[in-house]
Structure formats: structure tokens, C-alpha cells
Participant: 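Following this message is one structure expressed as C-alpha cells.
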Amino acid sequence: MEFPKFLLGDNTDYPEAIFVIHTEFPRFIINLANDEVEWLEEFEKSEEKELMEEAENLFQASNEFYDREIERYGPS
């Protein structure tokens, strides 16, 4: 089974959080409410610089995904 690249996550213990899960390498969960990131991968020190450049694009894509999904849900 193939999973979508991004998923929305919700947890009532964190009512202010807006979680987006990135399911492809490098996997992570970002809380768009405060930009906190939890990496689901381990990286070599030598990979960090390249990864951070890619990560910025993925974080932007996470925000765009969230905005698109909320727009599709329509007005509350």
C-alpha cells in the first residue's frame, strides 16, 4: 500500500497543535503552530547540511499541504 506524502494529525491532548506528518524520506512530524519538528529518521553528521536545505522545502510544502486541505474542508 502506498501512503500519501503528507498526512494531517490530530490529538486532543494538544488542542492548539497543527500536526503534519511527512511519510517519505526524510520522515518527520511538524507542528505548524510553532514549527517544532520531530524527525523519524536518524542522520549522519555529514548528511545534515544537505538535509537542512531539503528540509526547508519540505516544511514549506507541509504548510501548502495544510492550507490546501483546510480549503478543501470548506467553511466551518
Participant: Please evaluate residues Asn11 and Tyr14 with respect to the criterion side chain to side chain contact (heavy atoms under 4.5 Å, CB included), reporting the C-alpha separation (whole Å), side-chain torsions for both, the decisive distance (0.1 Å), and the verdict.
Facilitator: CA-CA 6 Å; Asn11 188 307; Tyr14 301 89; 3.9 Å; yes
Participant: Identify the heavy atoms of Ala33 and Ala17 that sit nearest to each other, and give their distance.
Facilitator: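 Looks like CB-CA, 4.3 Å.
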Participant: Between Arg27 (side chain) and Leu40 (backbone), is there a donor-acceptor pair under 3.5 Å?
Facilitator: yes
Participant: Kindly write out the residues that satisfy salt bridge (charged side-chain N to carboxylate O under 4.0 Å, His left out) with Arg72, not counting sequence neighbours, or none if the list is empty.
Facilitator: Glu69
Participant: List the atom of Leu32, the atom of Ser62, and the distance in Å for their closest heavy-atom pair.
Facilitator: CD1-O, 4.1 Å
Participant: Closest heavy-atom contact between Leu51 and Pro26?
Facilitator: CD1-CG, 3.4 Å
Participant: Could you pull out the closest heavy-atom pair between Glu47 and Glu44, with the gap in Å?
Facilitator: OE1-N, 2.8 Å
Participant: Distance from Leu58 atom CG to Met52 atom CE, nearest 0.5 Å?
Facilitator: 10.0 Å
Participant: Say whether Ile21 and Phe3 are linked into one hydrophobic cluster, either directly or through other cluster members, by side-chain heavy-atom distances under 4.5 angstrom.
Facilitator: no
Participant: Between Asn31 (side chain) and Phe19 (backbone), is there a donor-acceptor pair under 3.5 Å?
Facilitator: no
Participant: Does Glu50 offer a backbone N or O that forms a donor-acceptor pair with the side chain of Glu53 under 3.5 Å?
Facilitator: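 Not at all, since once roles are kept as given, no pair shorter than 3.5 Å links the two residues.
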Participant: So if you build clusters from Ile, Leu, Val, Met, Phe, Trp, Tyr with side-chain heavy-atom gaps below 4.5 Å, do Phe25 and Ile29 land together?
Facilitator: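 Unlinked, Phe25 and Ile29 end up in two clusters.
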Participant: Check whether Val20 and Trp39 end up in the same hydrophobic cluster, where Ile, Leu, Val, Met, Phe, Trp and Tyr are linked by side-chain heavy atoms less than 4.5 Å apart.
Facilitator: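 Same cluster: Val20 reaches Trp39 through Ile, Leu, Val, Met, Phe, Trp or Tyr contacts under 4.5 Å.
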Participant: Going through the checks in order, is the side-chain hydrogen bond (donor to acceptor under 3.5 Å, both in side chains) test met by Glu56 and Gln60?
Facilitator: CA-CA 6 Å; Glu56 289 301 318; Gln60 179 63 36; over 6 Å; no
Participant: Does CD in Glu41 sit with more than 12 non-hydrogen atoms of other residues, nucleotides or ligands closer than 6.0 Å?
Facilitator: yes
Participant: Are Phe28 and Phe59 close enough that their ring centers fall under 6.0 Å?
Facilitator: yes
Participant: Please determine whether salt bridge (charged side-chain N to carboxylate O under 4.0 Å, His left out) holds for the pair Glu48 and Lys45, giving the CA-CA distance in whole Å, both sets of side-chain angles, and the decisive distance to 0.1 Å.
Facilitator: CA-CA 5 Å; Glu48 285 184 16; Lys45 196 75 168 160; 3.7 Å; yes
Participant: Are Leu7 and Ile30 linked, directly or through other ILVMFWY residues, by side chains that come within less than 4.5 angstrom of each other?
Facilitator: no
Participant: Donor-acceptor check, side chain of Thr23 to backbone of Pro4, threshold 3.5 angstrom: yes or no?
Facilitator: yes
